*Asks:* 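Can you keep this structure in mind? I'll have questions shortly.
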Amino acid sequence: VFHVHKDNGVILNFKEATKRLYYFDTAARDDQGTMLVTTVENNTINFSAYDFAQATKARDLQCRIGRPSTADFIHIVSNNLLPNCPITAQDIKNAEFIFGKDVGSLQGKTVRRKPPVIRVPSHGIPAGIMEQYKNVTLSVDIMMVCGIPFLMTISKHIKFGSAGKLDNMKNQHLIQHFKAIIGAYTTRGFHVTLILGDNQFESLRSSLAAEAGVQLHIVARDEHVPEIERYIRTIKERCRALVATSPFKDLPPTLIVEMVYNCVFWRNMFPLKGGISTTQSPSELVLNRQLDFHAHCKLEFGEYVQTHEAHDNSMTPRTVGAIATRPASDGTYYFISLATGRRL
């Protein structure tokens, strides 16, 4: 058992479960006290103690009477269908704002809706840009974030950046990442002809030439490629901003990887100063992906959501708690499941 001694004299006992996992039983009624975690503190700032208490009663009552929908619950209260009810319609609305939608209702009632038809329009590249910048030069380097390595690339003039999490530093694994990056440019008609990097990529020279048809140029010792150094600095600054404003004190590796991808995604979605176009973003030029408010601005990194999962008519919950990470494509998002810790 782990004994956690709090400043107020309370001792919390964490007991050992299976697989060496230790837990504190909040349901146990003894002299050990109760440990509560609040996730709605910011939502209660603008409410008085009375309004918060009434909102809590409204949510409790909604659960007691069978979890009707919020609209039905407001109808019941507004039309006095529950005599002597101390709850008002405004209390129900306040509860919805403070606590969000009832998780039990989401997990029990959610039905699969017909997904919208995804249409991907083709955004052409101006002939002048293609003629002048068809041959692409990439700058590359390895970036470390919390001990996790990423292969970072950025193209000269186009300024399209990429990040790929490295499972190992073996040459064949690096070549696979390079092929994926080069393939993205090739699909849009660009041709990667030169890669600039430091001495750690020297062993890849022959493989890049043979398998990808790209020439590798190694800078002199103690020198760096300024474009990639500035790009890495930008991504790290944005990651640091996410960490500083995140409600989490410790981030699992999967969330760190998604955080880096999130920062790379948003940097590529807007035209950049010094780029080859003032109207088309690097992402639009290379990936044919155009920014849209309704598709890409629904959720913020780190937001808690309930994601709909495949279900049948059994009692299995129809949604699962998850953390939003970044947009994937038109109208879809990536999440980290709180049930499995894997990406959805």
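All of these numbers come straight from a predicted model, not from anything done at the bench.
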*Asks:* Mind checking who shares a hydrophobic cluster with Ile92, ILVMFWY linked at side-chain heavy-atom distances under 4.5 Å?
*Replies:*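 Once heavy-atom contacts under 4.5 Å are chained together, Ile92 belongs with Leu61, Ile65, Phe73, Ile74, Ile76, Val77, Leu81, Leu82, Ile87.
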*Asks:* If we only count heavy atoms from C-beta on, is the Leu208 to Ile175 side-chain gap below 4.5 Å?
*Replies:*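 A side-chain contact under 4.5 Å exists here.
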*Asks:* Got a sec, which pairs hit salt bridge (charged side-chain N to carboxylate O under 4.0 Å, His left out) with one end in residues 203-215, sequence neighbours left out?
*Replies:*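 Listed once each, the pairs are Lys179-Glu211, Glu202-Arg205.
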*Asks:* Please give me the minimum heavy-atom distance between Lys298 and Glu303, naming the atom from each residue.
*Replies:*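 Shortest heavy-atom contact: O-OE2, 4.4 Å.
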*Asks:* List the atom of Ile256, the atom of Cys146, and the distance in Å for their closest heavy-atom pair.
*Replies:* CD1-CB, 3.8 Å
*Asks:* Where is the tightest heavy-atom contact between Gly161 and Asn268, given as atom of each residue plus distance?
*Replies:*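 Answer, listing the atom of Gly161 first, then Asn268: O-ND2, 2.7 Å.
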*Asks:* What's the spacing between Leu166 CG and Gln176 CD if we round to 0.5 Å?
*Replies:* 11.0 Å
*Asks:* What closest approach, in Å, do Ser78 and Ala89 show between heavy atoms, and which atom pair accounts for it?
*Replies:* OG-CB, 3.8 Å
*Asks:* Are the side chains of Thr153 and Ser162 in touch, meaning some heavy atoms are under 4.5 Å apart?
*Replies:* yes
*Asks:* Applying side-chain contact (heavy atoms from CB on, under 4.5 Å), run through Asn13 and His3 and close with a yes or a no.
*Replies:* CA-CA 5 Å; Asn13 294 333; His3 301 288; 2.6 Å; yes
*Asks:* Let's go through Thr325 and Leu255 carefully: what are the C-alpha distance in whole Å and the side-chain angles of both, what is the deciding distance for side-chain contact (heavy atoms from CB on, under 4.5 Å) to 0.1 Å, and is it a yes or a no?
*Replies:* CA-CA 8 Å; Thr325 59; Leu255 202 57; 3.9 Å; yes
*Asks:* Decide whether Arg238 and Thr234 meet the rule of one side-chain donor and one side-chain acceptor closer than 3.5 Å.
*Replies:*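 No.
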*Asks:* I want to check something: taking the side chain as every heavy atom from C-beta on, are Ile195 and Phe201 in contact at a cut-off of under 4.5 Å?
*Replies:* no
*Asks:* Does His5 have any side-chain hydrogen bond (donor to acceptor under 3.5 Å, both in side chains) partners at least two apart in sequence or in another chain, and if so, which?
*Replies:*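 Once residues adjacent in sequence are excluded, His5 has no partner under the side-chain hydrogen bond (donor to acceptor under 3.5 Å, both in side chains) criterion.
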*Asks:* Can you name the nearest heavy-atom pair linking Met152 to Ala163, along with the distance?
*Replies:* SD-CB, 3.5 Å
*Asks:* Could you work out the complete set of other residues in the hydrophobic cluster of Phe270, with links drawn between I, L, V, M, F, W and Y side chains under 4.5 Å apart?
*Replies:*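 Listed partners: Phe265, Trp266, Met269, Leu291.
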*Asks:* With side chains defined as the heavy atoms from C-beta onward, is the minimum distance between Thr137 and His217 less than 4.5 Å?
*Replies:* no
*Asks:* Output all residues satisfying side-chain hydrogen bond (donor to acceptor under 3.5 Å, both in side chains) with Lys159, sequence neighbours left out; order by chain, then residue number.
*Replies:* none
*Asks:* Roughly how far, to the nearest 0.5 Å, is OG1 of Thr193 from NZ of Lys134?
*Replies:* 11.5 Å
*Asks:* A side-chain contact here means heavy atoms from C-beta on lying under 4.5 Å apart; do Val320 and Leu344 qualify?
*Replies:* yes
*Asks:* Taking ring-ring contact (aromatic ring centres under 6.0 Å, His included) as the definition, give me every residue that meets it alongside Phe47, ordered by chain and number, with sequence neighbours left out.
*Replies:*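 ring-ring contact (aromatic ring centres under 6.0 Å, His included) check on Phe47 returns Phe97.
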*Asks:* Is it the case that the side chain of Asn171 and the backbone of Leu204 share a donor-acceptor pair, with hydrogens and angles ignored and the cut-off at 3.5 Å?
*Replies:*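 No; zero donor-acceptor contacts below 3.5 Å.
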*Asks:* What residues form a side-chain hydrogen bond (donor to acceptor under 3.5 Å, both in side chains) with Gln90, not counting sequence neighbours?
*Replies:*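 Applying side-chain hydrogen bond (donor to acceptor under 3.5 Å, both in side chains) to Gln90 gives Asn94.
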*Asks:* Is it the case that the side chain of Gln62 and the backbone of Pro68 share a donor-acceptor pair, with hydrogens and angles ignored and the cut-off at 3.5 Å?
*Replies:*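 A pair under 3.5 Å: yes.
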*Asks:* I'd like to know whether CZ of Arg230 has more than 12 heavy-atom contacts from other residues, nucleotides or ligands below 6.0 angstrom.
*Replies:* yes
*Asks:* Once rounded to the nearest 0.5 Å, what's the spacing between atom CD1 of Ile182 and atom NE2 of His191?
*Replies:* 9.5 Å
*Asks:* The criterion is side-chain hydrogen bond (donor to acceptor under 3.5 Å, both in side chains); which residues satisfy it with Tyr23, sequence neighbours excluded?
*Replies:* none
*Asks:* Is there a side-chain contact between Thr56 and Phe99, using heavy atoms and a 4.5 Å cut-off?
*Replies:* yes
*Asks:* Give the cluster check for Leu138 versus Leu272: same hydrophobic cluster or not, with ILVMFWY residues linked at side-chain heavy-atom distances below 4.5 Å.
*Replies:*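 No; Leu272 is not reachable from Leu138 via cluster members.
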*Asks:* Which value, rounded to the nearest 0.5 Å, describes the distance between Thr88 atom OG1 and Lys93 atom NZ?
*Replies:* 9.5 Å
*Asks:* Could you walk me through whether Val136 and Phe160 satisfy the side-chain contact (heavy atoms from CB on, under 4.5 Å) test, starting with their C-alpha distance in whole Å, then the side-chain angles of each, then the deciding distance to 0.1 Å, before giving a yes or no?
*Replies:* CA-CA 11 Å; Val136 176; Phe160 176 79; over 6 Å; no
*Asks:* Would you give the length of the straight line joining atom CD of Glu227 to atom CD1 of Ile154, rounded to the nearest 0.5 angstrom?
*Replies:*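 Glu227 atom CD to Ile154 atom CD1 measures 7.5 Å (nearest 0.5 Å).
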*Asks:* I'd like to know if Glu96 pairs up with Lys101 as an ion pair, taking the criterion as any Lys NZ or Arg NE/NH1/NH2 lying under 4.0 Å from an Asp or Glu carboxylate oxygen.
*Replies:* yes
*Asks:* Mind checking whether Phe2 and Lys15 have side chains closer than 4.5 Å, heavy atoms only?
*Replies:* no
*Asks:* Is there a side-chain contact (heavy atoms from CB on, under 4.5 Å) between Arg326 and Val264 once you walk through the steps?
*Replies:* CA-CA 10 Å; Arg326 60 188 169 98; Val264 171; over 6 Å; no
*Asks:* Between Ala55 and Ala95, which heavy-atom pair has the shortest distance, and what is it?
*Replies:*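 Scanning both residues, the minimum pair turns out to be O-CB, 3.4 Å.
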*Asks:* With heavy-atom distances below 4.5 Å as the criterion, would you say the side chains of Val1 and Glu16 are in contact?
*Replies:*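 A side-chain contact under 4.5 Å is absent here.
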*Asks:* Only counting residues at least two apart or in another chain, list the ones meeting side-chain contact (heavy atoms from CB on, under 4.5 Å) with Asp167.
*Replies:* Lys165, His173
*Asks:* Show me the pairs that pass ring pair (Phe, Tyr, Trp, His ring centres under 6.0 Å) and involve residues 316-344, at least two apart or across chains.
*Replies:*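 Of all non-adjacent pairs touching residues 316-344, none passes ring pair (Phe, Tyr, Trp, His ring centres under 6.0 Å).
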*Asks:* To the nearest 0.5 Å, what is the distance between CD on Glu284 and OG on Ser277?
*Replies:*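 Rounded to the nearest 0.5 Å, the CD-OG separation comes out at 7.5 Å.
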*Asks:* Mind jotting down which residue pairs meet the ring pair (Phe, Tyr, Trp, His ring centres under 6.0 Å) criterion with at least one end in residues 125-150? Sequence neighbours excluded, please.
*Replies:*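 Non-adjacent pairs meeting ring pair (Phe, Tyr, Trp, His ring centres under 6.0 Å): Tyr133-His157.
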*Asks:* Tell me, yes or no, whether the heavy-atom count around Asp7 atom CG, taken from other residues, nucleotides or ligands under 6.0 Å, exceeds 12.
*Replies:*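 No, the 6.0 Å shell around CG holds no more than 12 heavy atoms from other groups.
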*Asks:* Quick one: list whatever passes side-chain contact (heavy atoms from CB on, under 4.5 Å) with Arg240, sequence neighbours left out.
*Replies:* Lys236, Glu237
